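To start, the structure under review is shown below, and the notes come after it.
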2 protein chains.
Amino acid sequence: MPGQGRRRRCEAADGTHRQLGRGRGALLEPAVLAALADSEAHGYDVRKSIEDMTSGLVSADSGGLYRLLRRLEDDGVVVSTWVEGGSGPQRREYALTAEGRELLAHWLDHLRERERVLSLLVAAVERVVAKD
Amino acid sequence: MPGQGRRRRCEAADGTHRQLGRGRGALLEPAVLAALADSEAHGYDVRKSIEDMTSGLVSADSGGLYRLLRRLEDDGVVVSTWVEGGSGPQRREYALTAEGRELLAHWLDHLRERERVLSLLVAAVERVVAKD
DNA sequence: ACATCTAGATGTGTTATACATATAGATGAT
DNA sequence: ATCATCTATATGTATAACACATCTAGATGT
């Protein structure tokens with residue numbers, strides 16, 4: 001498991017896929033991993049990729065995005081290097097590690113399950129809302 | 001808006017449907033509202049309804065469930081009465097108010113949007129995971 | 001000169017769970 | 001009888017994912 005004794009955010013305390021609450025409702029982490037799996041990028045590009053991949057429905061908060069990138073790096077899930085030269089503010093290039101690709105596969109399982117739950121919930125809500 | 005100056009959990013600070021993070025990732029509240037829109041029920045039954053409507057994928061934590069029911073009552077979204085007689089521990093019956101039905105309609109909008117986002121995210125993750 | 005975008009960053013607050021633990025009334029198994 | 005399990009409600013505490021605010025600094029466009 002990436003990082004020191006920390007379980008994946010898509011897992012419960014006992015290491016299983018379980019409830020879909022705190023941490024398990026996360027969107028930002030899988031979105032970041034997906035953006036970087038495509039190609040290495042700097043932070044601001046990751047933010048734009050996320051906007052693209054969700055057709056503009058999600059606009060990641062840069063505060064949280066950079067914090068997450070730092071944490072993922074601490075956990076060995078991504079690596080980064082400062083880019084030399086170039087104009088404008090200094091930029092940092094991020095890339096997934098092998099562990100990061102592995103983690104993304106786990107997220108896929110989790111996201112599919114949440115998709116199912118959400119579908120079931122939407123259908124249930126539609127049923128009772130239509131009754132009025 | 002139900003309750004004193006508190007926006008709905010499916011809305012951002014500016015009253016719009018916006019990001020899908022904290023509070024906006026909620027599943028328990030719409031599930032509870034859907035369960036009670038069907039018929040009034042006591043707490044433990046609501047918990048079972050939620051398990052049924054998500055085909056066993058979600059098992060609501062009773063600690064959080066009862067806390068949420070209390071908060072929804074404080075906000076005028078549900079009402080409750082203790083049931084007289086009956087065997088076993090004392091039970092409390094919950095029912096939606098008109099405001100609760102209204103809130104549920106709002107949740108439907110929000111859940112549909114999250115469903116779209118999740119579908120897009122799953123598709124994006126599938127695309128990059130398949131590239132390996 | 002100012003607004004806006006790019007690029008990265010820290011501080012703080014809120015909320016939805018998760019996890020633990022508790023009391024109490026029943027039923028079922030041994 | 002005793003214990004496990006279910007029913008029914010509840011409080012305490014911890015964690016994590018954002019939201020929101022604010023900041024520095026280098027560019028571009030008006």
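Here the structure is a predicted model, which means the values were calculated and not measured. Every chain is numbered from 1 and lettered A, B, ... according to where its sequence line falls, protein lines coming before strand lines.
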> If we only count heavy atoms from C-beta on, is the B:Glu51 to B:Val58 side-chain gap below 4.5 Å?
Replying inline: no
> More 5' along DNA chain D: A:Gly63 or A:Gly86, using each one's nearest nucleotide?
Replying inline: A:Gly63
>> Nearest whole Å is fine: how far is C:dT17 P from B:Arg47 CZ?
In response: 14 Å
> B:Tyr66 has an atom OH; how far is it from atom C1' of D:dG12, in whole Å?
Replying inline: 18 Å
> For the pair made of CG in B:Leu65 and P in C:dT21, what is the distance, rounded to whole Å?
Replying inline: 21 Å
> Of the nucleotides D:dA27, C:dA7, D:dA10, which has the atom closest to the B:Tyr94 side chain?
Replying inline: D:dA10
>> Can you give me the closest heavy-atom contact between A:Gly43 and A:Leu69, atom names plus distance?
In response: CA-CD1, 4.1 Å
> For B:Gln90 and D:dA10, what is the distance between atoms CD and P respectively, to the nearest whole Å?
Replying inline: 10 Å
> In whole angstrom, what separates A:Asp74's CG from D:dA16's P?
Replying inline: 14 Å
> In whole Å, what is the span from the CG atom of B:Leu69 to the C1' atom of C:dA16?
Replying inline: 15 Å
>> Taking 4.0 Å as the cut-off, does a side-chain nitrogen or oxygen of B:Arg91 come that near to OP1 or OP2 on D:dT7?
In response: no
> Can we say A:Asp61 and A:Arg47 salt-bridge, meaning some charged N sits less than 4.0 Å from an Asp/Glu carboxylate O?
Replying inline: no
> Considering only heavy atoms from C-beta outward, does the side chain of A:Leu68 approach that of A:Glu29 to under 4.5 Å?
Replying inline: yes
> Nearest-Å distance, CZ (A:Arg92) to P (D:dA25)?
Replying inline: 18 Å
> Which of the following nucleotides, C:dA9, D:dA19, D:dG12, is nearest to the side chain of A:Arg67?
Replying inline: D:dA19
> When you match A:Gly64 and B:Ser62 each to their closest nucleotide on DNA chain D, which lands nearer the 5' end?
Replying inline: B:Ser62
> Among the nucleotides D:dA27, C:dC5, C:dA9, which one has an atom lying closest to any side-chain atom of A:Arg70?
Replying inline: C:dA9
>> Side chain of B:Tyr44 only, heavy atoms from C-beta on: which candidate in D:dC20, D:dT9, D:dA25 is closest?
In response: D:dT9
> Which heavy-atom pair separates A:Tyr94 from A:Glu40 by the least distance, and what is that distance?
Replying inline: O-CB, 3.0 Å
> Separation of A:Ile50 atom CD1 from D:dA17 atom C1', in whole Å?
Replying inline: 14 Å
> Of all the nucleotides listed (D:dA19, C:dG8, D:dA17), which has the minimum atom distance to the side chain of A:Trp82?
Replying inline: C:dG8
